[in-house]
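Just below is one structure, and these are the notes that go with it.
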Amino acid sequence: MQVHNTKTRRRLKWMVPATLLAGVMGAVAVMPPPADWSDHLVQALQQYNTRYPQEKVFLHLDKDYYAAGETIWFKGYVTLQGLPSTQATNLYVELLDKNNNIVQKKLFAVFNAGAPGNFELPEAQKPGVYQLRAYTAWMLNFDPAFTYTRTIEVFDPAKKGGPAADSTAADFSVQFFPEGGNLIAGQANTVAFKAIDNNGYPIEVTGTIKDPKNTAIKSIHDGMGTFEITPAAGSDAFQAVVKSAKGQSKTFTLPAVQTNGASLKVFNKGARIFYQAVPANMGDTATNKLVVIAQMGQQLVYKALLDVSEGRISGFIPADKLPSGILQITLFGNNGTPLAERLAFVRNNDRMEMDVLESDVAREPRKKSTFVLRLPDTLQSNISVAVTDADAVPVDKNAADIVSTLLLTSDIKGYVYNPNWYFKDTNPATLQALDLVMLTNGWRRFSWEKIAKNEFPEVRYPYEQGVTVKGITTGVNGRPIVGGKLDMIIKLPVDSSSMFASAPVDEKGQFNIANMVFPDTAYIYYQGSDAKKSKDVNVKFDIHFFDRATQVKIPYPLRVPPAIDNNSLKLFLATAAESNKVNRAINNKTVYLQEVNVNAKKIKPEETTEKRYTSGMFSGGDGYSFDLTKENPTAYNIFQYLQSKVAGLQITGDLSNPSLSWRGGKPGLYLNEMQTDISMLSTLSINDVALIKVFRPPFMGGFGGANGAIAVYTKKGGDNPPANDPSIKGFQLYKKAGYAIVKTFYSPDYSVKKEVHALPDKRLTLYWNPNVAVDTLTHTAKVEFYNNDFSKRFRVVVQGITDEGTVGKLEQEF
């Protein structure tokens, strides 16, 4: 069964990735005219699928909760039409605060549909709820509800516990969803409902529908349930009196009763999905001829013509050969207008099965443990593995995994509480609850009405391949240069490499260099020339969307994660605080956790950037110093750079005109030790900044220093890139951010002696590997790691995807 379904998945989705670049970036094949309007719908779906293939993202994190000072380790998975997106190259990941301000953002390189990454949380990171957002450029062309988001909570390790529980009485709301979308008069209707509190979390409720039968209702899982109701023609909208588990009672109004149109009933029996059209008026000739179309992953899987006048109003969809996922069933009228819609979840035995074949667990301090994982018999499996302390690291049961994300939540609009629960087994109660999710959430990746009229989304963000540098050249008269070229010398400070490039200028004066791959930041020295080889040419580079400082609009409200057991939280925070002390000791000793230990030569005070730039009262003080001459910052400006780097300093709002606050007031601002304002500093290029000093309150170096101060210093000649290099003489400089350099996870080898081993080992994540090597002959993978100083139990989490698109997760404690 599993192999059969896997083959079906490939057959269902195989053709799309090969046509991606041709379909999206080039011409679309012209289809022959349809035979009738129902064929036109099928043709529209095929055209949409070819031109707009569906890309998805999932992030596997090493932990569910973090403390300031820790590192968030993650592995990004990218799929295209249900298969690993082997053509994807760019994954954008952002860390947002509760006000949707970008705290950190990075571009990660995707290889073989996977992208390892990390965000380092400084010890000054403000505690609270944050959101990770991950997407490709292609995904930005569609509804932002389908970008990947995940809520995480960051704690202050100096505190012994989390925030106090909210003791106020929680309000609640109930939504009602007639099956198929309409409440039909004179017919027996199934109505689903969903009850949530004021935080968006489900609550259990009971109540009564004020119909002739006083129908009783009761939620059966996570605030969801159903009831049957048969409204008479001419009935007013019914009222529902609902009581929460805390005794609060409220009245809600059900959707209006319809006397025309149609509805759709669905009975999911697993191997077969039965459906029945329910016309509002059997004598209405407008609904005599109906069509049922079912699609999955934007591909047609079923079509049937119905004739109400002849009694053909039902049928079944064979589902045993379909891959697991959401099936959208839509009922159309004879003019091609959608009348009703129902989602059904296909649940087949096609998961990526994994287990632990062998284990040798060492619970003594600094001893080695070994696990051998057994994986599916496929050509290739792409997996990531995290091993954490099972006692000291809290677990968020509501954190979606790769299975529930790619098969369920990434295809519906609406919040699903604890989505992993629906995949724990195939018991009738679990499948019934999963069907409640289908009844209470909508699928809206595209609009049938629009694609039937050939109204397709505007492609504002082309499918990316590598990093692109593009722009326009103009002459002294401001008009675009026709012909000519742009010569470039590209230097990479990270590895001291250089390359040469020449980009032709087209008839519009535009140039474009695509498919560039480089880490960190490229220094691009450029010189433009026209067709007559005159170098009197101005060059303007396009600003990539990721380089702009914009406030992100999240489609859903930020939900506070469920509270953690206080004892678990205390242990977690105490260990994280000790780990931060160890890391500070490592940094002070200039010992770097790499293959070898490096004892760096300490720079003399008179050689420091701060010594060369600051004077008077600016040369000392209590605060932070950021030497940008030793960095290649890619932040939009200094305010984005400083976000979350300084404890107590609040930088919110539009980063071009941010709001600054420290201890209830605004810090003083200085540029080269002269008082300045936000507008001046916000427009200052981060590439021109040598040093930023942030003084804690109070600062006595100038007026208005009771709330601290920010002092910015622009670069002097010696700190700019060498302009006297003969190879770049006469060229101008442009900095382009490339792929983020991913830090190597530190995994000590205690079988050898190193200086760093003298320090305490307080790691909470004992093993993290985003790309575990899989033996293609035995289909096994070996995981080896050394214990820390205290862990007795381990939690092993494995997530991954096969080359055939099946996904799976293994979680086990030892």
Side-chain angles (χ1 to χ4, degrees), residues 1-14 56 58-60 75 77-79 82-84 112-114 270-271 296-297 319-326 345-361 370-387 395 397 399-410 418-428 430-431 434 767 769-783 794-814:
M1 178 68 75
Q2 181 176 351
V3 174
H4 185 72
N5 285 337
T6 301
K7 289 182 179 177
T8 302
R9 173 180 286 276
R10 289 178 64 104
R11 185 161 63 247
L12 181 65
K13 302 183 178 180
W14 180 251
K56 296 182 180 181
F58 169 74
L59 296 186
H60 175 197
K75 161 75 172 288
Y77 290 89
V78 185
T79 66
L83 292 172
N112 194 27
M296 174 179 275
D320 58 329
K321 303 293 193 296
L322 296 176
S324 294
I326 294 178
F345 196 90
V346 176
R347 181 72 185 273
N348 281 322
N349 184 26
D350 56 359
R351 293 267 292 275
M352 176 185 178
E353 298 296 334
M354 299 178 284
D355 62 6
V356 177
L357 185 63
E358 301 174 17
S359 63
D360 181 10
V361 184
T370 303
F371 297 95
V372 177
L373 306 174
R374 179 164 50 190
L375 304 168
D377 184 9
T378 58
L379 291 176
Q380 188 177 16
S381 296
N382 190 346
I383 64 171
S384 47
V385 179
V387 181
V395 177
K397 71 171 185 175
D401 60 22
I402 192 170
V403 177
S404 61
T405 296
L406 297 183
L407 299 187
L408 176 62
T409 57
S410 61
N418 194 9
N420 301 340
W421 183 90
Y422 301 98
F423 296 89
K424 65 185 181 69
D425 55 46
T426 55
N427 293 335
T430 306
L431 297 179
L434 181 55
Y767 180 86
N769 191 340
N771 295 306
V772 179
V774 178
D775 190 313
T776 55
L777 295 177
T778 63
H779 302 289
T780 60
K782 182 180 285 189
V783 172
F794 309 101
R795 180 178 295 108
V796 179
V797 177
V798 187
Q799 302 199 59
I801 186 171
T802 70
D803 61 328
E804 296 166 336
T806 57
V807 291
K809 174 189 175 182
L810 167 67
E811 182 172 347
Q812 197 167 336
E813 293 184 1
F814 294 88

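No hydrogens, no waters, no symmetry mates; every other heavy atom, side chains included, goes into these values. Bear in mind the structure is a predicted one, so any value in this text is a computation, not a measurement.
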| message | Set out, in order, the CA-CA distance, both residues' side-chain angles and the distance that settles side chain to side chain contact (heavy atoms under 4.5 Å, CB included) for Val798 and Val356, then state yes or no. | response | CA-CA 10 Å; Val798 187; Val356 177; over 6 Å; no
CG of Asn771 to CG of Asn382, rounded to nearest 0.5 Å, is 6.0 Å
- Is it true that a side-chain atom of Asn769 and a backbone atom of Val783 form a donor plus acceptor pair closer than 3.5 Å? no
Between the CG atom in Leu408 and the CG atom in Leu434, the distance rounded to the nearest 0.5 Å is 6.5 Å
_So does Lys321 get a backbone contact from the side chain of Asn348, meaning a donor-acceptor N/O pair under 3.5 Å?_
no
d(Phe814 CZ, Phe794 CZ) to nearest 0.5 Å is 10.5 Å
- If you draw a 6.0 Å radius around NZ in Lys424, do more than 12 non-hydrogen atoms from other residues or ligands fall strictly inside? yes
Smallest heavy-atom separation, Ser381 atom then Pro376 atom, equals OG-CD, 4.1 Å
Rounded to the nearest 0.5 angstrom, the CG-CD distance for Leu83 and Glu804 is 9.0 Å
Nearest heavy-atom approach of Thr378 to His779 is O-CE1, 3.2 Å
query: Can you check whether Asp401's main-chain N or O pairs, donor with acceptor, with Ser404's side chain at less than 3.5 Å?
result: yes
Interatomic distance, OG1@Thr802 vs CD@Glu353, rounded to 0.5 Å, equals 11.5 Å
For Gly800 and Ile402, the nearest pair of non-hydrogen atoms, with its separation, is O-CD1, 3.7 Å
Please tell me if the side chains of Pro323 and Met296 come closer than 4.5 Å, counting only heavy atoms from C-beta onward.
yes
Sub-3.5 Å donor-acceptor pair from the side chain of Asn112 to the main-chain atoms of Gly114, do we have one? no
Result for side chain to side chain contact (heavy atoms under 4.5 Å, CB included) between Ile383 and one of Gln799, Met352, Lys809 points to Met352
Between Leu407 and Ser324, the two heavy atoms sitting closest are CD2-O, 3.7 Å
Check whether any side-chain heavy atom of Leu357 sits under 4.5 Å from a side-chain heavy atom of Thr780, and report yes or no.
yes
Item checked: Heavy-atom donor-acceptor pair, Ser410 side chain to Thr405 backbone, under 3.5 Å -> yes
Start with the C-alpha gap between Trp421 and Thr430, add the side-chain angles, then the distance that decides, and say whether side chain to side chain contact (heavy atoms under 4.5 Å, CB included) holds. CA-CA 8 Å; Trp421 183 90; Thr430 306; 4.2 Å; yes
Distance col, row Thr778:OG1 vs Leu375:CG, nearest 0.5 angstrom, shows 8.5 Å
Quiz item: Is the shortest heavy-atom distance from the side chain of Lys782 to the side chain of Thr370 under 4.5 Å?
Solution: yes
Closest non-hydrogen contact found for Phe58 with Ala400 is CE1-O, 3.6 Å
Phe345 and Tyr422: CA distance, side-chain angles, deciding distance, ring-ring contact (aromatic ring centres under 6.0 Å, His included) verdict | CA-CA 11 Å; Phe345 196 90; Tyr422 301 98; 9.2 Å; no
Heavy atoms of Pro770 and Lys75 approach each other most closely as O-NZ, 2.6 Å
